[in-house]
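Here is how names work: the chains are called A, B, and so on, in the same order as the sequence lines, proteins then strands, and each is numbered from 1.
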Amino acid sequence: MNNNKLAELLFSHITKTPADYEAMYPGRDLPEGAKVTRLGPSPTGFIHLGNLYGAFVDERLAHQSNGTFYLRIEDTDDKRYVEGAVETIIDSLKFFNINFDEGATKEGEQGAYGPYFQSDRGELYQCFVKELVKKGEAYPCFMTEEEIAKVRETQEQAKENPGIYGKYALSRDLSLEEIEANIQAGKPYVVRLKSGGNVADPAEISVEDGIRGTLTMPENCQDVVILKATGIPTYHFAHVCDDHFMRTTHVVRGEEWLSSLPIHVELFTRLGFALPIYCHTAVLMKLDENGNKRKLSKRKDPELSLDFYREMGYHPMAVREYLLTILNSNYEEWRIENPDIPCESFAFTMEKMSNSGALFDLNKLNDVSKDTLINVPAALLMDFFKSWAKEFRPEIYPLLDGHEDYVEPILDLGRSGNKPRKDFICASQMFDFIRYFFDDYFEIEDAVPEETGTEEVKAILTAYLDSYDHSDDQSAWFDKVREIATTLGYAAKPKDYKKNPDEYKGHVGHVSTVIRIAIVGRSQSPDLWEIQQILGETRTKARISAFIQA
RNA sequence: GUCCCCAUGGUCAAGUGGUCAAGACGUAGCCCUCUCACGGCUGAGUCAGGGGUUCGACUCCCCUUGGGGAUACCA
């Protein structure tokens with residue numbers, strides 16, 4: 001059969017040659033060792049933690065080596081396109097400080113290796129499909145859905161591998177005349193790779209993975225679809241063409257791609273392209289209802305969408321820190337030794353990446369978050385808190401905006417010194433933690449301790465109010481509390497009370513708890529004296545009076 | 001079913017033939033202390049099972065088991 005004739009029959013409109021594209025996209029002019037990575041999301045919906053996890057690897061690899069990190073939109077599946085998804089992807093990643101050097105942007109495309117939307121690259125793909133057809137390594141396939149289903153059924157019964165290959169590839173050896181007739185008849189067709197794999201006895205191939213080391217697997221034997229009936233390539237084919245011509249050096253992707261690696265290897269080989277370095281990352285997992293690990297899915301796990309973290313008010317730096325701790329096992333120790341320097345200074349390596357899927361651990365994130373926020377200066381924390389409130393809690397925003405002088409010290413309360421408080425995890429929790437500072441949100445939440453009883457409360461608070469002097473320093477203030485305690489028959493020190501519980505009604509801690517409840521509404525809080533200083537004399541006294549009257 | 005990947009405490013993990021099997025989160029107790037946090041100390045808790053190889057296996061090989069993924073004109 002005349003392959004050139006077939007190629008012209010199928011792709012008469014393609015006039016460019018492979019050499020044209022090689023010239024159009026020359027190798028990148030980058031320093032030695034620079035890595036070129038890419039993120040290739042499909043614009044199907046919302047990006048989740050797993051995507052961010054992978055994006056970090058790409059970003060670090062590229063930027064650590066003075067390379068290039070670009071965004072390519074893989075929109076070859078027209079059925080799944082969601083409006084506005086590209087903007088969402090860019091914004092979400094930007095929020096977490098993942099920035100691209102080239103590719104799709106909100107303002108259009110940037111860079112010399114575009115177009116960066118696969119849907120705009122049809123001509124390039126078809127040129128290379130045509131090339132394969134010319135070499136007799138690809139062919140049009142007219143099999144109908146019914147025929148394919150029937151083949152699968154036969155294969156299942158015979159316990160053979162499913163798929164279109166060898167004798168099951170019904171269109172593999174059609175003559176030019178038959179093909180012409182089919183096309184004349186308007187029959188739809190896809191283009192399949194004519195796999196060179198040995199069906200009966202597949203050879204073993206091995207690939208060096210950047211993360212996993214040597215991978216060995218059987219060669220591909222499947223006549224996979226490379227061009228759909230619509231003329232759009234499948235992911236497999238687009239990946240190979242794009243990563244070659246965009247001069248990607250490292251392909252970072254989830255381990256779910258491992259099993260299609262042989263297909264990609266065959267395609268690279270047949271096209272005469274050099275293989276990039278594949279880096280197959282472990283996938284983030286979560287525990288399902290049955291206690292099994294499960295891959296994070298954006299449909300089933302909305303709480304793990306990036307928006308969840310934004311809504312909860314996790315600081316982007318905290319999420320970064322957490323991801324880095326699970327991405328590189330030596331990061332945590334590095335961080336303990338270097339608490340104050342940016343995470344970009346850490347030497348990220350593929351070797352330190354785990355091969356097994358990590359379970360997402362909210363506990364750990366919270367802990368990392370506390371340590372991260374302690375290093376965020378109050379003014380910046382204020383900004384972060386405000387912008388979170390503006391977007392997610394507009395009703396509290398007016399309490400913050402314009403009241404920075406009041407709120408900032410609240411956020412900074414107890415954070416100085418060598419044993420700083422680590423109260424804050426995320427913005428929503430922050431607000432809950434400090435809301436008693438705002439009269440509209442102040443309420444009595446806890447009961448007074450048994451030791452004082454309700455009758456004693458009045459006596460304590462009246463004495464407290466009488467002796468209250470807003471200008472007292474912290475120790476003078478607490479001396480007075482002790483005095484009230486002893487006068488009323490409470491031990492000045494908890495230890496005294498523990499030694500002789502019968503001699504006292506309780507201890508100074510019980511007395512100060514009463515005061516604390518009156519002022520903050522809760523039995524637990526940071527240092528009361530500092531809280532009073534922030535609240536101011538008027539508000540402090542008013543709350544005590546109100547509690548006495550209640 | 002077939003193919004591929006993975007396997008150290010509840011979680012994340014160090015470990016590459018000889019270790020009392022690091023560390024972090026969580027958890028229990030204690031200390032500090034007016035509460036809570038912070039910090040400090042102490043404890044409980046792990047090499048999935050079975051065969052080999054070896055003087056010696058968490059470490060190397062095989063099998064089993066378990067988990068994950070792929071098996072699309074989705075990516």
Side-chain angles (χ1 to χ4, degrees), chain A residues 40-44 74-77 79-80 118 141 143 145 148 152 155-156 159-164 188-192 202 209 212 215-218 222 224-236 238-239 253-262 280 282-283 285 287 292-295 322 325-326 329-333 335-336 352 354-368 370 374 414-415 417-423 433 446 449 478 481-482 485 490 492-495 507-513 515-517 520 522-529:
Chain A
S42 57
T44 56
E74 309 209 335
D75 53 354
T76 53
D77 184 10
K79 296 183 204 83
R80 298 207 305 182
Q118 289 185 330
C141 171
M143 286 175 77
E145 261 180 66
I148 293 172
R152 180 172 314 152
Q155 289 167 331
E156 272 169 21
K159 302 212 164 167
E160 293 183 49
N161 287 342
I164 303 304
Y189 65 91
V190 299
V191 179
R192 288 182 185 272
D209 187 283
R212 289 160 194 262
L215 297 169
T216 58
M217 34 188 61
Q222 299 269 345
V224 290
V225 173
I226 54 179
L227 205 63
K228 304 181 203 176
T230 52
I232 296 171
T234 56
Y235 167 82
H236 305 303
H239 150 58
R253 38 140 80 149
E255 63 183 336
E256 69 269 22
W257 290 107
L258 237 22
S259 32
S260 39
L261 189 54
H280 289 97
V283 171
M285 314 282 270
L287 228 42
N292 295 325
K293 276 187 176 185
R294 199 192 66 212
K295 184 180 156 186
Y322 173 66
T325 63
I326 53 179
S329 52
N330 53 333
Y331 181 76
E332 218 173 340
E333 291 183 20
R335 177 47 90 198
I336 289 168
K352 284 291 180 182
S354 171
N355 287 357
S356 50
L359 225 43
F360 176 77
D361 186 352
L362 193 64
N363 247 326
K364 185 80 176 184
L365 170 65
N366 288 344
D367 181 70
V368 169
K370 285 182 183 178
I374 199 68
R415 297 209 315 157
N418 53 350
K419 286 160 89 177
R421 302 185 65 89
K422 295 177 181 173
D423 293 316
F433 194 82
D446 293 333
F478 195 66
V481 176
R482 269 200 223 281
Y490 291 84
K493 299 202 167 155
K495 274 186 178 165
H507 61 75
V508 64
H510 300 122
V511 173
S512 66
T513 298
I515 301 168
R516 176 168 276 115
I517 290 172
V520 309
R522 320 213 260 225
S523 61
Q524 300 170 354
S525 80
D527 188 79
L528 244 192
W529 180 81

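If you measure from atom NZ of A:Lys419 to atom C1' of B:C36, you get 14 Å, rounded to the nearest angstrom. Atom C1' of nucleotide B:U2 and atom CD of A:Gln222 are separated by 11 Å, given to the nearest angstrom. Here B:U35 presents its C1' atom at 13 Å from CZ of A:Arg482, a figure rounded to the nearest Å. Look at CG on A:Leu261: it is 10 Å from C1' on B:C4, rounded to the nearest Å. In this structure, CG of A:Asn366 is placed 15 Å from C1' of B:C12, rounded to the nearest angstrom. Rounding to whole angstrom units, CD1 of residue A:Ile148 and C1' of B:U71 are separated by 14 Å. We find that OH of A:Tyr235 is positioned 13 Å from P of B:U71, with the value rounded to whole Å. Spacing between atom NZ of A:Lys159 and atom P of B:C3 amounts to 13 Å, rounded to whole angstrom units.
With hydrogens and angles ignored, no donor-acceptor pair closer than 3.5 Å exists between the side chain of A:Ser259 and the base of B:C4. Between the base of B:C36 and the side chain of A:Arg421 there is a donor-acceptor pair shorter than 3.5 Å.
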Exercise for review: Begin with the C-alpha distance, continue with both residues' side-chain angles, and end with the deciding distance and a verdict on side chain to side chain contact (heavy atoms under 4.5 Å, CB included) for A:Leu528 and A:Ile515.
Suggested key: CA-CA 9 Å; A:Leu528 244 192; A:Ile515 301 168; 3.8 Å; yes
Check your understanding: Are A:Glu332 and A:Lys364 close enough, and set up right, to give a salt bridge (Lys or Arg N to Asp or Glu O under 4.0 Å), and what steps lead you there?
Key -> CA-CA 12 Å; A:Glu332 218 173 340; A:Lys364 185 80 176 184; 2.6 Å; yes
Review point. Step by step, would you call A:Tyr331 with A:Tyr322 a ring-ring contact (aromatic ring centres under 6.0 Å, His included)?
Key: CA-CA 10 Å; A:Tyr331 181 76; A:Tyr322 173 66; over 10 Å; no
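The listed nucleotides are B:U35, B:A24, B:C38; the one nearest the side chain of A:Pro420 is B:C38. When the nucleotides B:U11, B:A75, B:A24 are ranked by their closest atom to the side chain of A:Ser42, B:A75 comes out on top. Of the candidate nucleotides B:C38, B:C34, B:A14, B:A14 has the atom lying nearest to any side-chain atom of A:Lys352. In the set B:C34, B:A37, B:G23, B:C34 carries the atom at the smallest distance from any side-chain atom of A:Val508. Of the candidates B:C12, B:G69, B:U11, B:C12 carries the atom nearest the A:Ile326 side chain, counting heavy atoms from C-beta on. The side chain of A:Leu215 approaches B:C5 more closely than any other nucleotide in the set B:G69, B:C5, B:U35.
One distance of note links CG of A:Leu261 with CG of A:Asp209; it measures 8.0 Å at 0.5 Å rounding. Put simply, NE2 on A:His236 and OG on A:Ser260 are 5.0 Å apart, with the number rounded to the nearest 0.5 Å.
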**Study point:** Paired and unpaired positions of RNA chain B as dot-bracket, Watson-Crick or G-U wobble under 3.5 Å, | denoting a partner strand
**Key:** ((((((((.[[[..)..(....]]].(((((.......)))))....[[[[[..)....]]]]])))))))....
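Comparing the C1' positions of B:G45 and B:A24 gives a spacing of 15 Å, expressed to the nearest Å. Comparing the C1' positions of B:G67 and B:U35 gives a spacing of 46 Å, expressed to the nearest Å. The P atoms of B:U64 and B:C3 are separated by 11 Å, rounded to the nearest whole Å. Rounded to whole Å, the separation between the C1' atoms of B:C61 and B:G43 comes to 39 Å. B:A48 sits 12 Å from B:C58 when the C1' atoms are compared, rounded to a whole Å. Between the P atoms of B:G23 and B:A44, the separation comes to 13 Å (whole Å). Nucleotides B:U59 and B:U53, compared at atom C1', are 13 Å apart to the nearest Å. With P as the reference atom, B:C32 and B:G26 are 22 Å apart, rounded to whole Å.
Within the 4.5 Å cutoff, side-chain heavy atoms of A:Lys493 are placed close to those of A:Arg482. In this structure, A:Val283 and A:Glu256 have side chains that are in contact, with non-hydrogen atoms separated by less than 4.5 Å. Within the 4.5 Å cutoff, no side-chain heavy atoms of A:Gln222 are placed close to those of A:Arg192. No side-chain heavy atom of A:Val191 sits under 4.5 Å from any side-chain heavy atom of A:Val225.
The 5' end of RNA chain B is approached more closely, in terms of each residue's nearest nucleotide, by A:Thr325 than by the other of A:Glu74 and A:Thr325. Heavy-atom distances to RNA chain B give each of A:Glu255 and A:Asn161 a nearest nucleotide, and the one nearer the 5′ end belongs to A:Asn161.
Side chains of A:His280 and A:Arg212: a donor-acceptor N/O pair is absent below 3.5 angstrom, by distance only.
In this structure, A:Ser260 reaches neither bases nor backbone, as no heavy-atom distance under 4.0 Å exists between it and the strands shown. Across all strands shown, A:Glu333 has heavy atoms under 4.0 Å from base atoms, whether or not it also approaches the sugar-phosphate. Across all strands shown, A:Arg522 has no heavy atoms under 4.0 Å from either base or sugar-phosphate atoms. Here A:Pro162 lies in heavy-atom contact (under 4.0 Å) with a base. Counting non-hydrogen atoms under 4.0 angstrom, A:Val190 reaches a base of the nucleic acid. Within 4.0 Å of A:Arg152, counting heavy atoms only, lie sugar-phosphate atoms of the nucleic acid but no base atom. The residue A:Pro494 sits close only to the backbone: its heavy atoms come under 4.0 Å of sugar-phosphate atoms, none of a base. Using a 4.0 Å heavy-atom cutoff across all strands shown, A:Asp527 reaches at least one base atom of the nucleic acid.
Side-chain N/O atoms of A:Thr76 include one lying less than 4.0 angstrom from OP1 or OP2 on B:A75. For A:Asn355 and B:C6, the shortest distance from a side-chain N or O to OP1 or OP2 is below 4.0 Å. Residue A:Thr234 places no side-chain N or O under 4.0 Å from the OP1 or OP2 atom of B:C73. Proximity of A:Ser329 to the phosphate of B:C12: no side-chain N or O atom is located under 4.0 Å from OP1 or OP2. Contact check, A:Lys370 against B:G26: no side-chain N or O comes under 4.0 Å of OP1 or OP2. Between A:Arg212 and B:C5, a side-chain N or O to OP1/OP2 separation shorter than 4.0 Å is absent. The side chain of A:Lys228 places an N or O atom within less than 4.0 Å of a non-bridging phosphate oxygen (OP1 or OP2) of B:C74. Between A:Lys495 and B:C31 there is no side-chain N or O to OP1 or OP2 distance below 4.0 Å. Considering only side-chain N and O atoms, A:Lys422 lies nowhere under 4.0 angstrom from the phosphate OP1 or OP2 of B:C25.
For the pair A:Lys228 (side chain) and A:Thr76 (backbone), a donor-acceptor distance under 3.5 Å is present.
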